[in-house]
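Following: one structure in structure tokens, then a few remarks.
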Amino acid sequence: MDREIFISEVKRLNIDLTEEMLQQLEKYYELLVEWNEKINLTAITDKNDVYLKHFYDSLTLCKIIDLNDVDSLCDIGTGAGFPGIVLKICFPHLKLTLVDALNKRINFLKLVCDDLGLSDVECIHARAEEYALKNRDLFDVVTARAVAPLNILLEYSIPLVKKNKYFIALKGNEEVSESKNALKVLNCKVVDENKFLLPLENSNRTIIKIQKLGNISGKYPRRFAEIKKKPL
Ligand code: SAM
């Protein structure tokens, strides 16, 4: 996806990119490729591919929620910063929290925030389920892309979400039918689903918006070993 197509496709998501945002994305791309030589961040390094499969793909979250109305957002299993950093660049008002289990990726994200001048970003080195135990009911939106199956992601993320607010999963294919029990136990429901094809390469995408309906038992999230052994 070249620059011109990127700008026009992002406009169709109702996002007007400023020159500063475009420069920040460009700098982010350069840092990603530079640091990818030293630490494993992504298998995708061709510039047009990064703009399509990382930058544009991250912004598709805006198909299902208007981030202008969102104050705090947490991206769990953010890796090299997708979708969190891209969303922060395009919606600078967001109070962003990035969580990842790998410290080298968290250190990369701190460097990106410094170099791009992004403020109000917390980079947390933790497993999501451990972070969620101590940070309940905190965020307007929690999101994740390519981290775990939906039923497991729900256990990591729903404790972090404020009552009546949302967890938004960026997925390849739909998995809602396998997550009915997790939705029930964690007192939440699917309120919207958007299926589409990624432009140019036409691969399947599903964005699932899940609302937290109320309090959930303090025993969730369980420890990873238990989640893995007996997923909801
Ligand atoms: N979200 C990014 C993306 O879409 O490019 C990264 C995806 S990468 C395949 C999965 C990331 O999730 C890795 O960086 C891994 O360390 C992190 N991860 C997996 N399970 C996690 C957990 N329970 N808590 C925190 N991070 C986790």
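Index from 1, following the sequence. When a ligand or atom number is given, it counts from 1 through the structure's own listing order.
In this pair, Phe108 and Trp35 present their aromatic rings tilted. The plane angle is within the 30 to 60° band.
Enumerated by chain and number, the residues approaching ligand 1 to less than 4.0 Å through a heavy atom are Gly77, Thr78, Gly79, Phe82, Asp100, Ala101, Leu102, Arg105, Ala126, Arg127, Ala128, Glu129, Arg145, Ala146, Val147, Tyr156.
Between Glu129 and Lys134 there is no salt bridge, since none of the side-chain N atoms of the basic residue sits less than 4.0 Å from a carboxylate O of the acidic one. A salt bridge links Lys162 to Asp140: one of the charged nitrogens lies within less than 4.0 Å of a carboxylate oxygen.
Note: Phe139 and Tyr166 fail the aromatic proximity criterion, with ring centroids not under 6.0 Å apart. Between Phe55 and Tyr29, the distance from one ring center to the other does not fall under 6.0 angstrom.
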Which donor-acceptor pairs under 3.5 Å do the side chains of residues 112-125 make with protein atoms, sequence neighbours left out?
from   : atom 1 : to     : atom 2 : distance (Å)
His125 : NE2    : Ala101 : O      : 3.0

